[in-house]
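Numbering starts at 1 and runs along the sequence shown.
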Amino acid sequence: MITAIDHIVVLVSDLNEAVATYQTLLARAPAWRSGDEGSDNVLFTFDNMSLELMAPSGSGPIAERLRTLIKLEGEGIASLCFRVADAAAARHRLERVALQPTPVAEVEGRDRTTGATLTWKRTRTATETTRGVRLFFLELGSERPHSLVTGPAPVVGLDHLVISTADPNRAAALYGARLGLDMALDRSQQDWGRLMSFHCGDLRLEVVHRPVAGSDAEHDKLWGMGWRVDDVEAARERLLAAGLTVTSSRAGRHADTRVVTVRSGTHRIPTLLVQRTLA
């Protein structure tokens, strides 16, 4: 049913600031600017997914709902949108596994700069069935334009998305059994907890369980992102020169990776840069 991650929505309060921040982080230019009743949106698009920055706009009910969400939960990852080949078939599957999908809607978007249009079909699941995570399923009518490179050692795509959970068995059942993603790893270590990794297109969906007192047993959280680069040391030097705080590189938890942590300029999203060291 799911072929890839289509895009990830990051909710921010100041869109212009967030666009500048992520252009620095990614060394990529925005590829799409649009808006609807209540929000303004900017997309950065790579070969394997898009990042959507969304901010409230105006004073209507949608804008006020977004402002309330930011006030309650803060800025950060708001939604995960999967790519599907057939939205109607995906909705049928989601209904059969009791995820309460909405009717398929046909949507059109227009780029404010170029006037270009895109169409897609969309359904979403009820958040009470997905442990509080907002999940959408999109069938695109055509591919989005890609973001142009604006600096050295740019991000080339998403490597992984991290979901934090207090109930790893239920999360595994959701993403594996019900959504049909292939589990590639299930590992536990005393110092950092349990890590489950699911293939999704050419990237990973990682579900992490770190036992913490007072954690929410009923709700998971879209938590962090790992961005893929060809040369992690060159990318680190670029970000340091831009004034960001970045750690030294180290071996990643996957055997074929080397990573650095970006500690500023991410709008509160835990962020890694990841170089895959094996083909």
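No more than 12 heavy atoms of other residues, nucleotides or ligands sit less than 6.0 Å from atom CZ of Arg170. For Glu106, the CD atom sits in a loose shell: 12 or fewer heavy atoms of surrounding residues, nucleotides or ligands are nearer than 6.0 Å. Heavy-atom neighbours of Asp230 CG from other residues, nucleotides or ligands within 6.0 Å: at or below the threshold of 12.
Atom CG in Asn48 sits 8.5 Å away from atom CD1 in Ile5 (nearest 0.5 Å).
With respect to Ser50, the side chain to side chain donor-acceptor pair (under 3.5 Å) criterion is satisfied by exactly one of Arg144, His7, Arg83: Arg144.
Applying the salt bridge (charged side-chain N to carboxylate O under 4.0 Å, His left out) test to residues at least two apart or on different chains, the pairs with a partner in residues 34-46 are Asp40-Arg112.
Here the side chain of Ser147 pairs a donor or acceptor atom with the backbone of Ala29 at under 3.5 angstrom. A donor-acceptor pair is defined here as one N or O able to donate and one able to accept, closer than 3.5 Å; such a pair exists between the side chain of Gln275 and the backbone of Val232. Judged by distance alone, with hydrogens and angles left aside, the side-chain atoms of Ser249 form no donor-acceptor pair with the main-chain N or O of Val260 at under 3.5 Å.
At a threshold of 4.5 Å between side-chain heavy atoms, the hydrophobic network of Ile, Leu, Val, Met, Phe, Trp and Tyr places Leu138 and Phe44 in two separate groups.
In this structure, Arg28 forms no cation-pi arrangement with Trp227, as its terminal cationic atom is not both closer than 6.0 Å to the ring centre and no more than 45° off the ring axis.
In plain terms, the two heavy atoms of Asp220 and Thr165 that are nearest each other are OD1-OG1, 2.6 Å.
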